[in-house]
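The structure appears below as structure tokens.
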Amino acid sequence: MKIIKLKTTDSTNSEAKRQVDKTGETFFAVSAGMQTAGRGRFGRAWQTPEGNVAVTIVVPLPTETSALPSISLMTGIAIHDALSFFVKNADIRIKWPNDILINGAKISGTLIEADSRALYVGIGINRIATPVDVPYATATLEQFTFKESEEVVDVLVKLWCNYFDAWQTFGFGSLKNSYITRMCRLNEYIEIAFDAQKTNKVGGVCRGVDDFGNLLIAKDSGEITAYNYGEIQFIASE
């Protein structure tokens, strides 16, 4: 896959869409060492100061659109494995659906968008700097190893394409066990919130995901419910 490497841009997702508008191509990636207007899930800003990693991978919009949500989880596996390639002796886990935690601190986030032409998978990794004023623990790649942004991008894009090929050929079900073994707080109590204020939420024991990537939570009664949307909150052990 061709990678367009920029020093700075407003947003790699936005730049990728401009490239599609300009060239009509729908199989490439755009990376940048800094974003001035990066975006994250739920409309949040994603900070990418100079030296961090921002990349958007563009592929033609898959015909089976009902399966698109599981690409989010497939992307989590690719980021996890890319970081594992560089970072040793650390606990790297996926927080459903695709945030990556190293030793419990967030190092990566993803924003996936689509239009009638293409799928845009935007990935941000804290390489040398963490965002400010966020209500969670953060980590950088530099805390564990020093790798140039270009090297990280090259490995990540290659792994993502490999997993995407498997996803297209066999479906997410073929990757489900790989995802579950990389999950954070598997078989532990979690809560999932459905609104920005985190007042509408449910709790239970995380039992992994199903063949479609839905989060499985077991209630006290033993009933297991699948959720396709929400934000996980971890509850500290007493």
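Everything numeric in this text was worked out from a predicted model, so none of it was measured.
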Ignoring hydrogens and geometry, is there a side-chain-to-backbone donor-acceptor pair from [X] to [Y] under 3.5 Å?
{"X": "Thr169", "Y": "Ala166", "answer": "no"}
{"X": "Asn103", "Y": "Ala90", "answer": "no"}
{"X": "Asp195", "Y": "Asn200", "answer": "yes"}
{"X": "Lys95", "Y": "Leu101", "answer": "no"}
{"X": "Lys88", "Y": "Ser84", "answer": "yes"}
{"X": "Thr181", "Y": "Ser178", "answer": "yes"}
{"X": "Asn126", "Y": "Ala139", "answer": "yes"}
{"X": "Arg185", "Y": "Ile190", "answer": "no"}

Any side-chain heavy-atom pair of [X] and [Y] under 4.5 Å:
{"X": "Ile180", "Y": "Arg207", "result": "no"}
{"X": "Trp96", "Y": "Ile192", "result": "yes"}
{"X": "Leu141", "Y": "Val152", "result": "yes"}
{"X": "Arg127", "Y": "Phe146", "result": "yes"}

If the threshold is 4.0 Å, N to carboxylate O, is there a salt bridge linking [X] and [Y]?
{"X": "Asp21", "Y": "Arg117", "value": "yes"}
{"X": "Arg93", "Y": "Asp99", "value": "no"}
{"X": "Lys2", "Y": "Glu25", "value": "yes"}
{"X": "Lys201", "Y": "Glu231", "value": "no"}
{"X": "Lys5", "Y": "Glu150", "value": "yes"}

Straight-line distance of [X] [atom1] to [Y] [atom2], nearest 0.5 Å:
{"X": "Thr75", "Y": "Leu159", "atom1": "OG1", "atom2": "CG", "answer": "11.5 Å"}
{"X": "Ser14", "Y": "Glu113", "atom1": "OG", "atom2": "CD", "answer": "7.0 Å"}
{"X": "Met34", "Y": "Leu6", "atom1": "CE", "atom2": "CG", "answer": "11.5 Å"}
{"X": "Asn214", "Y": "Thr225", "atom1": "CG", "atom2": "OG1", "answer": "11.0 Å"}
{"X": "Asn52", "Y": "Thr130", "atom1": "CG", "atom2": "OG1", "answer": "8.5 Å"}

Provide the closest heavy-atom pair for [X] versus [Y] in the form atom of the first, atom of the second, distance.
{"X": "Ser149", "Y": "Gly51", "answer": "OG-O, 3.4 Å"}
{"X": "Ala226", "Y": "Asp210", "answer": "CB-OD2, 3.9 Å"}
{"X": "Ser66", "Y": "Pro69", "answer": "O-CD, 3.5 Å"}
{"X": "Gly208", "Y": "Met183", "answer": "CA-SD, 3.7 Å"}
{"X": "Trp167", "Y": "Ser70", "answer": "NE1-OG, 2.8 Å"}
{"X": "Ser31", "Y": "Ile3", "answer": "OG-CG2, 4.1 Å"}

Identify, with sequence neighbours excluded, every residue that meets ring-ring contact (aromatic ring centres under 6.0 Å, His included) alongside Phe28.
none

[atom1] of [X]: more than 12 outside heavy atoms within 6.0 angstrom?
{"X": "Lys219", "atom1": "NZ", "value": "yes"}
{"X": "Phe85", "atom1": "CZ", "value": "no"}
{"X": "Phe170", "atom1": "CZ", "value": "no"}
{"X": "Asp220", "atom1": "CG", "value": "no"}

If you apply the rule side chain to side chain contact (heavy atoms under 4.5 Å, CB included), what do you find for Asp91 with Ile102, and how did you get there?
CA-CA 6 Å; Asp91 184 40; Ile102 294 188; over 6 Å; no

Enumerate the residue pairs fulfilling salt bridge (charged side-chain N to carboxylate O under 4.0 Å, His left out) with a member in residues 165-182, sequence neighbours excluded, ordered by first and then second residue.
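Applying salt bridge (charged side-chain N to carboxylate O under 4.0 Å, His left out) to every pair that reaches into residues 165-182, excluding sequence neighbours, yields Asp81-Arg182, Lys176-Asp211.
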
Derivation and outcome, side-chain hydrogen bond (donor to acceptor under 3.5 Å, both in side chains), residues Asn13 and Thr56
CA-CA 6 Å; Asn13 272 29; Thr56 295; 2.6 Å; yes

Should side-chain heavy atoms under 4.5 Å link Ile, Leu, Val, Met, Phe, Trp and Tyr, which residues sit in the same cluster as Leu216?
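Same cluster as Leu216: Ile224.
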
So that I know where these two stand, are Phe144 and Phe86 an aromatic pair - ring centroids less than 6.0 Å apart?
no

For residues Thr36 and Asp10, is any side-chain donor paired with an opposing acceptor at under 3.5 Å?
no

Val55 and Val20: same hydrophobic cluster, using ILVMFWY side-chain contacts below 4.5 Å?
no

Report the relative orientation of the aromatic rings in Tyr179 and Phe172; use parallel for angles under 30°, tilted for 30 to 60°, perpendicular for over 60°.
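Ring orientation, 0 to 90° scale: perpendicular.
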
